[in-house]
Amino acid sequence: MSMFDKEYDKKGFDLKQIQSPILKLYQNAKQEINNKSDNIFSPSINSQNIQSSKKLYQHQLQPIQLIQRDDQKEFKNKPQPIQSSDRILSKDNSKGKIFQIQKDEMNGFDINNVNSNKLSAFQSYPQSPTQKDQFNCRLQSKQSEETPTQKSQKQNVIRFPNNEANLFQDGNQLQIQNDNNKIIKFESDQKSIQQLQSPRLRIKTIQKNMKSPTYQNLNKEKLSSNDLADFENLQNQIGEKLKTEQSKIENEGLFQIINEEEQISPIKNKINKNQHINANILEKGLPQTPSGEKFIQKQEISRPSSGRNQNFIIKMVNNHNYSDVNHIHNNNLNNANNGSNSVTRFQSKETSDTPKSQNREEKPLESQSEIKDRIDTQNSQQKGDSLQNLQEEKQINEQKQNKPNSNQNISSKIQSLNYINDGRELDSSPTEQNQNSKIKEKHDDKQAAIKEQSQNQRQESSMMLQTASEKKEINNLNNLKYIIESSNLNQNSNNNDYLDAQVGELIGQGAYGRVYKGFVKSSGKFIAIKEMKEEMMLGDDAHSLLESICKEIQLLKQLSHKNIVNYIGSKKQEGSVYIYMEYMPGGSISEMLKKYGGFDEEVIQKFVKQLLEGLIYLHSKGVIHRDLKGANILSDGQGNVKLADFGAARNIENILQYSLSQSEFCNSIKGSLYWMAPELIKNEKHGRRIDVWSLGCTVIEMASAQHPWENIKKFSDLANAVIEQQPIPIPQHLSEECKDFILKCCTYDKKMRPKSHQLFNHPFLQKKYS
Ligand SMILES: Nc1ncnc2c1ncn2[C@@H]1O[C@H](COP(=O)(O)OP(=O)(O)OP(=O)(O)O)[C@@H](O)[C@H]1O
């Protein structure tokens, strides 16, 4: 919810009815005009009037004020940059009124508001309260502010749609798009420009009947020819070349590519085979190049063939800063497009017309540097060099050939490990995936890939020459082998002794079960045993939920790292699940904090380094912790900490449904909410970086011995704070480096938030304490 929504919400507008802030603005304006009549909105408005109207509306319309002006004629002035205090005029053609939107307060706006504010001029075009009320938009430059007479406006007011794209420089860059009646992007300050430096492509479909400024919705009859021409100009100006044949659009909808750092979603709606698609990159506030060249002017996607693996062609013109776009599509680092008019091919693995492809989750995209970072990280985490890889491969092949039983075993492991190794963000539980027949396909694919890789051993040793996507695949395979290898080791060294462990004293209790100390007689080792009882959960599916947790632990126990609490195994018995894990004598750091108070910064630094190592490891295996907080960090009592409860927390949402009571639900959710990343709170798409936010929160917790957002007691307040993007309170006694570390972790924009491995070089972690 933007500030606008809030403002208007206060005024009693129905947000569901009025989805666009612009529309609300307009309605507000109309309402005010009706109420206040001509005293203020006199045709001969002068600066004093403006001042008084400011006062009048400040409390209701902040940060934008609307001032009604008398009707205006057409203005065809030269384009000129818009300043922050410029005004946007929007004209209601049907009624002959012009609204002037004062933007003096813009400097203090946050990005969202600026977006809405600026876009309003355009956005109001199709979003007018009635079909008839089509708007034209104009911009009035600052200079004419004090003399908004018709005459001065003739000199200063610019016909908005006729402007050149480079009008929108100096932080006034235009992005026009209508995504489900929402404003998508309009970037206007340096911060937002920086955010856009790793643009991502997203393909979106504009629904056929969506009220958006597309041809199919633009009622030509109701527009004058001038209006239509303006609209066409506008499309061209922003690099958007919409289809002009209305029939085609109506048949299939219009595809647009929106340049955002988000996932590429598969083309979701139905496209006829052989259909040609025009898709458009929308201008998105990219900074002008030093040489002064313009932004992307146009991108087209055509879809010349049909069936699987279709080739898409992206044509890029003046594609500055868009090389990432290509990488995203073809994952090919060597395929940078830095020149003009280059053509890039990428393969779509999606077949848009099969339900399978429609349901498929896309992997979140990475920019070139991110891909590289990740590959570097993965490489550094690989156990051996290519020689060792070959040995591993040989071993696997031998196992496959000579040991049918172990082959079967490995097969099932590969099968079960797919979810860890496919490099995707984990949005579904592995159990689900296991149950899914697709796993078998995947497994076969992997097996085939391994075989193929084995045949190409020599080529592999020259990985430097390979493309990023090949590298990625090989890394994934290596990861897989690494895990298989370690699981074999586990298998060799582990037996099921832990199942006979003697249960000792209760050492803790969480929302979902009790934790006991256990003693394994045959090895003389202590372990921790977490008991989760079916009877403690509500719902018919509690049984299968526990079973899935059990299976999940069987998978997660393959993971092993010095900074994660290793799962040893699990067992289901008589309506309970027992999770066996490494025993951590120091207990959780939240307990330590409760007993001994906040940690010194030096200790925090030490712990954070260790936690990051654990996190990087988990992320490299595709596991998201999801519930990182002090209570889930355990200490060995010797100054070392480890991440606990990882992965299993994936079931947290499910578990919550089965919690015994509402109060338990509340306790449990309360227990994690303060550490939760905004995207999780808002139930948006999320990935590994939710753990980074939680890490920042944990630093706050360690420093203050309080939960983050310590002054917030109610969930609704927390949700509001997050929605309003309030800065998370940071303990003031911390060093600047540490504060900055928290700030970086707790970056609202998940795309700007660093990944776990990127945090390792942060100055806070390099700092020397005497
Ligand atoms: N492996 C372990 N070694 C030693 N103590 C442990 C271990 N795992 C858990 N504990 C203790 O048991 C307590 C309860 O752990 P549990 O994971 O059930 O809940 P929690 O993480 O505290 O809260 P929640 O249920 O919200 O996740 C911990 O606070 C800790 O003191």
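Side chains are part of it too, since the values below use all heavy atoms of this structure and drop only hydrogens, waters and symmetry mates.
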At what distance, to the nearest 0.5 angstrom, does [atom1] of [X] lie from [atom2] of [Y]?
X	Y	atom1	atom2	value
Ile564	Phe646	CD1	CZ	3.5 Å
Thr698	Tyr674	OG1	OH	15.0 Å
Ser735	Gln605	OG	CD	9.0 Å
Asp645	Arg626	CG	CZ	14.0 Å
Leu695	Phe607	CG	CZ	13.0 Å
Tyr580	Ile529	OH	CD1	5.5 Å

Under a plain distance cut-off of 3.5 Å, with no hydrogens placed, do Tyr578 and Gln573 share a side-chain donor-acceptor pair? no
Do Ser704 and Glu710 meet the criterion of a side-chain donor-acceptor pair at a distance under 3.5 Å?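 There is no such pair between these side chains.
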Testing the basics here: between [X] and [Y], what is the closest heavy-atom pair and its distance to 0.1 Å?
X	Y	result
Cys738	Val699	SG-CG1, 3.9 Å
Ile712	His707	O-CE1, 3.8 Å
Asn566	Ser560	OD1-CA, 3.3 Å
Glu531	Ser576	OE2-OG, 4.2 Å
Tyr748	Pro678	CD2-CG, 3.5 Å
Leu759	Cys745	CD1-SG, 3.7 Å

Quick one: does [X]'s side chain get under 4.5 Å of [Y]'s, heavy atoms only?
X	Y	value
Leu559	Tyr617	yes
Trp693	Cys746	yes
Asn632	Ser588	no
Ile553	Val577	no
Phe764	Lys744	no
Glu701	Ser590	yes
Met592	Phe599	yes
Trp675	Leu628	no

In this structure, are over 12 heavy atoms from other groups packed under 6.0 Å from Tyr596 atom OH?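 For Tyr596, atom OH is not crowded (no more than 12 foreign heavy atoms under 6.0 Å).
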Heavy atoms from other residues, nucleotides or ligands near NZ of Lys594 exceed 12 (cutoff 6.0 Å): no
When you measure from the side chain of [X] to the backbone of [Y], do you find a donor-acceptor pair of N or O atoms at a distance under 3.5 Å?
X	Y	result
Asp636	Met584	no
Glu737	Lys767	no
Lys609	Leu765	yes
Thr747	Arg753	no
Asp600	Glu602	no
His757	Leu612	no
Glu505	Gly518	no

Pair [X] + [Y], salt bridge at N-O below 4.0 Å:
X	Y	value
Lys562	Glu613	yes
Glu736	Lys739	yes
Lys750	Glu679	no

Going through the checks in order, is the side-chain contact (heavy atoms from CB on, under 4.5 Å) test met by Leu611 and Asn563? CA-CA 6 Å; Leu611 296 174; Asn563 294 116; over 6 Å; no
Report the C-alpha distance between Val608 and Met702 in whole Å, list the side-chain angles of each, state the deciding distance to 0.1 Å, and finish with yes or no for side-chain contact (heavy atoms from CB on, under 4.5 Å). CA-CA 10 Å; Val608 168; Met702 289 193 280; 3.8 Å; yes
Would you sort out whether Ile579 and Ile549 count as a side-chain contact (heavy atoms from CB on, under 4.5 Å), showing the intermediate values? CA-CA 9 Å; Ile579 299 170; Ile549 291 172; 4.1 Å; yes
Would you please classify the geometry between the Phe741 ring and the His762 ring as parallel, tilted or perpendicular, with 30° and 60° separating the classes? perpendicular
